[in-house]
Structure formats: structure tokens, C-alpha cells
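First up is the structure itself, then whatever we jot down about it.
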Amino acid sequence: MKEKAAKKEKVSRVAMPEQKPEIRRRNFDEVPTGYTVAMAQEEAARCLQCKKPGCVDGCPVSVDIPGFINLISQGDFTGAIRHVWTKNALPAVCGRVCPQEIQCEGKCIVGKRGEAVAIGNLERFVADWERENGTGALPPQAPSTGKKVAVVGSGPSGLTVAGDLIQKGYDVTVLEAFHKPGGVLVYGIPEFRLPKAIVAQEINFLERQGVRLKVNAVVGRTVSLDELFEEGYEAVYLGVGAGLPRFMNLPGENLIGILSANEYLTRANLMKAYRYPDVDTPIPKGKNVVVLGAGNVAMDSARTAMRLGADSVKIVYRRSRDEMPARAAEIHHAEEEGIEFFLLTNPTQFKGDQKGRLTGMECLKMELGEPDDSGRRRPIAIKGSEFHMDTDLVIVAVGSGANPLLTQSTPDMELNKWGYIVADPETGKTTKKGVWAGGDIVTGAATVILAMGAGRKAADAIHQYLTWGW
Amino acid sequence: MFKIVKREEMAEGTVILNKIEAPMIAKKAKPGQFVILKANEDGERIPLTMADTDPDKGTLTIIYMVVGKSTALFKTLKVGDTFQDVIGPLGKPTHLEKLGKVVCVGGGTGVAVLHPITRALKQIGNNVTCIIGSRTKDLLILESQMKAASNDLRVCTDDGTYGHHGFVTDVLKEVLEAGDVKLVVGIGPVPMMRAVANLTRPFEVKTLVSLNPIMIDGTGMCGGCRVSVGGETKFACVDGPEFDGHQVNFDELMLRLQAYCEDEKACYEDYCTLREAT
Ligand SMILES: Cc1cc2nc3c(=O)[nH]c(=O)nc-3n(C[C@H](O)[C@H](O)[C@H](O)COP(=O)(O)OP(=O)(O)OC[C@H]3O[C@@H](n4cnc5c(N)ncnc54)[C@H](O)[C@@H]3O)c2cc1C
Ligand SMILES: Cc1cc2nc3c(=O)[nH]c(=O)nc-3n(C[C@H](O)[C@H](O)[C@H](O)COP(=O)(O)OP(=O)(O)OC[C@H]3O[C@@H](n4cnc5c(N)ncnc54)[C@H](O)[C@@H]3O)c2cc1C
Ligand code: SF4
Ligand code: FES
């Protein structure tokens, strides 16, 4: 056994084929193109089938990773996807966007000596295989309970709740403010990272199971939370995300050519503005683009700008490389595509012309000092390091906050000091009777899988409440 | 899908009225609120104020000027056709209060936005003087409706073809000088609203304006609609669209409205050429 393990360690990870950087930087097609069956089985064979697997501990929803990988090795792809589904309803999405390097793959035993098993790639493989070759059979459904549940917000969190509760026999309606369901999966994460056809199919799968979708329904405006109860819903789940864009509050920030990442990505993804003028929504096309921030949102904005034809795209970030919050894979992809990184750099003001259009940005160089509240070393401005950067498009991706639209119209629900909803971490229960919440609106901007995990816990709690009354 | 049940052309076909079936929105809407409409799958999300609503029949009315590609596309929709998406009611309703003498000033399609506000202000017992204007007589809209909605209607045209020869601000000045005005509501093109606010400032009369920046979601998620009010950045779609006219940075708003001007002009021209060709 020891020998077998030692031998396996030497086998390197099967790389997923991807579009070449010089080609993909100008198109919106997906970057990695997926494993073939042979590749998947070769990679699956690298798994040691550990008795005490690290990967499962690292997975926020405890997918039985060695279990499904074993089924892939045996060629039982239907079995593998069914195995994943018991814990994760959106594997085609998670296989593509989860930060595996700090979750499952970060804890993989093989990874201690060499490259971790490519768990994300395998998860994506089985999900794609099912989509292309599976029977599309619906999961079994419990007999109808006759009870109505409303889910507000159709991001990964809300979709998870809807999927779980429809299978438990509830009558589920999802209310979404936008004209299309999917949350960040459709308006935020770009096509080249998560094809919208995949999200659409996941949603269609829910609809086929009987989930009702009401788009253009802004809860707090079109209908209030209390009115939902009056309409006969017995429980409500709030998965409205953290969609309030943050700005830098610097002089000149309202010049034309400065957009929040939310606006920029919504134009590009939800409104498909990269196809303008074939579609009607325009998007600013910068020549020298600057993206402020270094998370996933910043990487997505920078790579979108490159694809829209920019001459140069710069990521400007006030801390150093080690603190960049984006997934490692995305930083790597961005660099390959020619995105430049200006680290330890902070803007101080924006400059424009007489027409109110952005022309440049004043910056300061930074150095790292003592650790701050977040445990990361605090960036401190270096005196006399001012310099100018020409730019005609700045995308602000420095984080987001809680949108008060719904919560303002619901005074009897407790919020924390940042405006996020206070909810029990184990059940998602809020301080308002019959109302649960989870995902980014509770935790602040986090990840797809954490939003889904919160959804699953809440679905269980809602089921208990509607069955037993607690 | 949201069906158009009535359609009218006004102001020589430059302004269109649509009455649309949207029962959920009609039931909730209050004066001053707007909707966002999208005609089809590839369409743009266009904000338009509700000029009227009928909660019993479940309909709302929009009145819009044809200025670019999307509004030109809306113009082609006939009775029985549908908008794919209508979202609302959005924005804060007008704060309605009984104050006494109130003046409502409207220019261009701003008159449509002003109509429900004027009517509501009168209904709660204000004495409402209404001043509406347009470039020329044939472009004037909603005269009879505004007459019914107010206590006293004054009409102006820039070229003197009808009513007072001159701008709405000329008449407003006379009314302000007569004294006792408690509130002015000014809605129209940005230069008109700026002129109204500048005029009322020395009189220290509270002045509301309704801002129309470029919007996408209309729910506070993008910040595209940001305006500077009293030196602070506000999102017009959730904090407005109505603001204290004495605090608004109109110059910035004017510039920001031009953000996509060149792209959109080209797009509109292509669209018009295409439509003429087919
Ligand atoms: C550009 C970008 C890239 C990202 N990349 C990654 C990544 O690679 N990996 C990863 O794990 N995470 C990533 N994230 C984070 C991840 O997408 C979020 O953590 C996750 O989507 C949160 O899910 P949610 O269901 O809580 O909310 P959301 O996905 O935000 O969905 C909330 C939904 O609720 C709707 N809504 C809001 N208010 C109302 C209302 N009043 N009435 C009705 N509907 C309402 C919204 O329109 C939206 O559709 C990224 C985020 C962004 C923005
Ligand atoms: C809250 C709100 C309420 C509104 N209510 C009404 C209404 O009741 N009736 C009405 O006729 N219009 C109203 N507008 C303006 C209307 O939304 C715009 O005229 C419309 O978006 C133009 O779209 P388009 O594609 O036809 O023209 P575009 O091609 O987008 O633009 C054509 C020209 O109009 C300018 N423009 C673009 N967007 C706007 C805008 N938001 N406001 C003003 N000018 C703009 C552009 O600079 C360009 O020069 C409202 C706007 C807002 C934000
Ligand atoms: S830790 Fe790695 S090797 Fe072990 S079971 Fe998980 S994926 Fe396989
Ligand atoms: S329109 Fe997006 S925040 Fe106002």
C-alpha cells in the first residue's frame, strides 16, 4: 500500500485543456474546455482513496469526494453525479468557481507531497457528462405537503433552498428582482468562466421539478415581506446577496468612465453588452483600463475589459500579492492574458476633462505595516511617492455591502451594524417569525459554496418548522 | 409579458403614450415612482415614470419621448403587443403634504411625470398652480389633464405659438413674486430644472426636482445612477428620483447623461436606416 502511494505521487496532475491566452483574451468563450473521459479517469486514478480524507474536511458541504472519484475510476459517471448531488446541487457551477485550492484540494493528502488531486476538474467533468449524456431524470419527490414557501433571490443560496424544498414536497416560488434568475451566477461571473447556458439548465431543472419562478419581483417594492405571508406563504427564505456597490469616496469619482464592477459586469453579462450593438445595452470600452481591487470581482472585470479590446488593463491593489483575495486560478489566468498588476498602489483622486470624462488617476505607493483587524498587514502610504496613471476607464471592485432595499421595508427584522441580516449560523433563522436568511446577505460577500451550504441548512430548518412547528 | 392595451401618439408622434397591463405594479404604485421596461430579450432596461395608474383595471400608463434606439423600438409596439419585462414600482414616492400654495412646473415629457404628483398634491388640499411649457404648440402634451389636475393652469411656448411667449421660468417668477408659495415641483429637461432651482433659491422656496440619470437595475445595485446632492453621492433609483433642487449638482448630471452618447447615436442611426430599408 505504501509503495502504491509512493508511486502515485509521482504521477502529475492531468492538466485541463484550455484556450491559449493570446486567443482567449479577445473572446468570451469558456477558458478551460473540460476533461475527456480518458483524462478524467487518469486523474481519478491519482486519488489514494484515503481512509481519513483531508479533502472532505476542506469541503464546506462535505461532499464524499473519494466516493465520487472512485465511481469515476470505475466508469460509473451516473453513479458519481448522483453521489455528488446528495450534498451539492450545483456541481457544474462549483466545479468551475469554487476556490478549491483553499478548500478540498488544499487539504488533499496527495497535495502534501506533490500536486493535489484535481477535485474541481473532476466535479466539473461528472456534472458536464450528466448534462450532455445523462437521462435528465428528475430526483424523487416527497408527496405534497400543501404548504407554500417563498424564496427571495435566485442566487446559489436561494436556488439551493428551492431545490431542497421542492423535493421535500413544498410548493416553492422564487422571487427575483432582475429579469433573469441566477444571481451573481448570471449578472456577475462572466461567460468565459461560467457559461450562462449551464446556469440556465440548472434553473430549468428546478422548474421541471415544479419550482415557480417570478422574475421582475422586487421584494420590498413590488411586494413586501409581510404581503408574502398574507398571500399564504408559510415560510420565507431571504437570499438576496450583497449587491450594494462600494466606491472609494475619492475626488472625481463621478466622472464618466468610472463604474462599479457591479455595473460593468451587469452590462457585460446580464445585458450581454459585449455583443453591442447587436443587443441594445452599451458598455464603455476603455483603451487604458484600471481595475481597483484584487478579488474575483476585480479579475473578472479586468479580463472582461481585455476581451472588449482594451490596449492595456491594470489591476491596482493597495496590498501585496499574498493578500490578493481572488482564486489562484483566476490570478494566473489574468496574468497569462496580459493583465498588469500594480500592487502596493492606491489611488488618491481621479482627473477628468471638460466633458466630465475620466483621463487619469493620481496614485500613491504603499508599504506593508503591522497586521490590522483582518490579520493582514496594513498598507501605509509612502511619503512623496505620488505618481500619475493615464486611464479612460476605471472599474471599482473594492467590495460590496448589504442592499437596504428589502431590509428597510422590514423594520421588525434584526440587522447587524453593517446592515446584514442577523441569522442563526446553524439554521439561518432570523429574528422575524417564519423568515430565514443565508448567503451573502448574512455573511457579507463570500463564496458560492458557502451560500449554498447556508441554503441547505435553512431548507432543513424550514422543513422542521413546517412539519413540527419549531 | 406585459400587454399594451392602449396606445396614443402625441406631440406630432415624438411622444408616445402606452397603457400597459401590470396588475401587481398598478396596485402598489404611488405618485413619483417609476418602472423599468424591456421590450424583448436583447432589449435595454429603460426607466420611465408612471404618468397614471388604474389599480382596479390593473394598468399603468407611461408617456415617453422618442430620443434613441430603445424608445424608437418602443414606438413600434402596437396595441396587443407586449413588453417582455416591466419592473416596479421603483424609487421613493413623492412626499405629499398639505402646505397651501404649491407650484408645479413641467417642461417637455416632464409634464407626464408631473401629472400624478400634481393631481395628488391637489387631492390632499393644496392650491396648485401648474405651469407647463414646450418648444411650440404642437409639442405640448396633456394640457386638458393638467388643467383637471390643478387649480390654475398656465401654458407657455418658447416660440409664442400658444399661451405665454417664453419659458416656464418667466411665469414661475411672476407667481413667486406674488408670494406665499410653499413648494415648487419642477420636472423636465435638466437645464429647465436647473433654471427653476436657481430661480426659487433667492425666494427660499423648497424645490423638488425629479432626476433622470442613466439606470440599469433601478434597485441600488449598480451605482450607475449616482448623482451629487448636497455634496454627497446618492443613488437616484433608491434615494430618489426626487431631490431638493437647491442641493443637486445639475452640471454633473448633464455630463453624466452624455456617457454613452456617441455609441448610442450611431446605434440609433443604424437602427433608423435599417428600419427605413425594410
Ligand atoms: C464578479 C463576481 C465573481 C465571483 N466569483 C466567485 C468565484 O469564483 N467563486 C466563488 O465561490 N464565489 C464567487 N463570487 C461570490 C459569489 O458569487 C457569491 O458569494 C454568491 O453568489 C452569493 O450567493 P447568494 O445566493 O447569497 O446571492 P446572489 O448570488 O448575490 O443572489 C442574490 C439574488 O437576489 C436578488 N435580489 C436582491 N434583492 C432582491 C429583492 N429585494 N427582491 C428580489 N430579489 C432580490 C438579486 O437580484 C440576485 O439575483 C463572485 C462574486 C462576483 C460578484
Ligand atoms: C427615473 C426616470 C424616469 C424617467 N421618466 C421618463 C418619462 O416619463 N418619459 C420620458 O420620455 N423619459 C423618461 N426618462 C428618460 C428615459 O429613460 C430616456 O429617455 C431613455 O432611457 C432613452 O433611451 P433610448 O435608448 O431611447 O435613448 P438613448 O439612445 O439611450 O439616448 C438618446 C439620448 O438621450 C439621452 N439619454 C439617455 N438616457 C437618458 C436618461 N435616462 N434621461 C434623459 N436622457 C437620456 C442620451 O444622452 C442621448 O443623447 C426617465 C428616466 C429616469 C431615470
Ligand atoms: S484527500 Fe486527496 S487523495 Fe485523499 S481522498 Fe481526498 S482527493 Fe483523494
Ligand atoms: S440604477 Fe443601479 S443603482 Fe440605481
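The model shown is predicted, which means the values in this text are computed figures rather than measured ones.
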- Task: Sort B/Cys225 into side chain, backbone, both or neither according to what part of it lies under 4.5 angstrom from a heavy atom of chain A.
- Result: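 Interface part for B/Cys225: neither.
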
- Task: Heavy-atom distances under 4.5 Å only: say whether B/Leu257 touches chain A with side chain, backbone, both or neither.
- Result: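 It is neither, since no heavy atom gets under 4.5 Å.
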
What's the separation between atom [atom1] in [X] and atom [atom2] in [Y], rounded to the nearest 0.5 Å?
X	Y	atom1	atom2	value
A/Lys355	B/Met254	NZ	CE	13.5 Å
B/Ile36	A/Phe178	CD1	CZ	9.0 Å
B/Phe235	A/Asn403	CZ	CG	9.0 Å
A/Leu255	B/Arg256	CG	CZ	8.5 Å

Identify the two heavy atoms, one from [X] and one from [Y], that lie closest to each other, and give their separation to 0.1 Å.
X	Y	result
B/Ile87	A/Val218	CG2-CG2, 3.6 Å
B/Tyr260	A/Leu259	OH-CD2, 4.2 Å
B/Leu255	A/Gln354	CD2-O, 4.1 Å
B/Ser70	A/Asp280	OG-CB, 4.2 Å
B/Lys28	A/Thr222	CG-O, 3.4 Å
B/Gly223	A/Pro245	N-CG, 3.9 Å

Under 6.0 Å from the [atom1] atom of [X], do we count more than 12 heavy atoms belonging to anything else shown?
X	atom1	value
A/Lys196	NZ	yes
B/Lys206	NZ	no
A/Arg212	CZ	no

- For the side chain of A/Asn262 and the backbone of B/Met221, is there at least one donor-acceptor N/O pair under 3.5 Å apart?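 Yes: the side chain of A/Asn262 pairs with the backbone of B/Met221.
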
- Message: Whether the side chain of B/Arg226 engages the backbone of A/Glu253 through a donor-acceptor N/O pair (distance < 3.5 Å, no angle test) should be reported.
- Response: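 Yes; judged by distance alone, with no hydrogens or angles, the pair exists.
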
- Top contributor to chain A contacts, counting heavy-atom pairs under 4.5 Å, from B/Pro89, B/Gly218, B/Gly224: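 Highest number of pairs under 4.5 Å: B/Pro89.
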
- Query: Which one of B/Ser228, B/Ala39, B/Gly91 has the most heavy-atom pairs closer than 4.5 Å to chain A?
  - Reply: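 Maximum pair count with chain A is reached by B/Gly91.
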
Quick check: do [X] and [Y] have side-chain heavy atoms less than 4.5 Å from each other?
X	Y	result
B/Lys38	A/Met271	yes
B/Glu44	A/Tyr276	no
A/Asn216	B/Phe2	yes
B/Thr233	A/Asn254	yes

- Contacts of residues 225-233 of chain A with chain B (heavy atom under 4.5 Å):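 Within residues 225-233 of chain A, the residues that come under 4.5 Å of chain B (heavy atoms only) are A/Glu227.
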
Heavy-atom proximity to chain B below 4.5 Å, by part of [X]:
X	result
A/Tyr264	neither
A/Thr266	side chain
A/Leu405	side chain

- Task: Output the option from A/Arg267, A/Lys285, A/Gln408, A/Arg275 having the highest count of non-hydrogen pairs under 4.5 Å with chain B.
- Result: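 Most heavy-atom pairs within the cutoff with chain B belong to A/Arg267.
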
- Message: Heavy-atom pairs under 4.5 Å with chain B - which of A/Ile258, A/Val396, A/Ile256 has more of them than the others?
- Response: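 Going by pairs under 4.5 Å, I would pick A/Ile256.
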
- With A/His179, which of B/Gln84, B/Glu41, B/Arg45 fulfils side-chain hydrogen bond (donor to acceptor under 3.5 Å, both in side chains)?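 Between A/His179 and the candidates, side-chain hydrogen bond (donor to acceptor under 3.5 Å, both in side chains) is satisfied uniquely by B/Arg45.
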
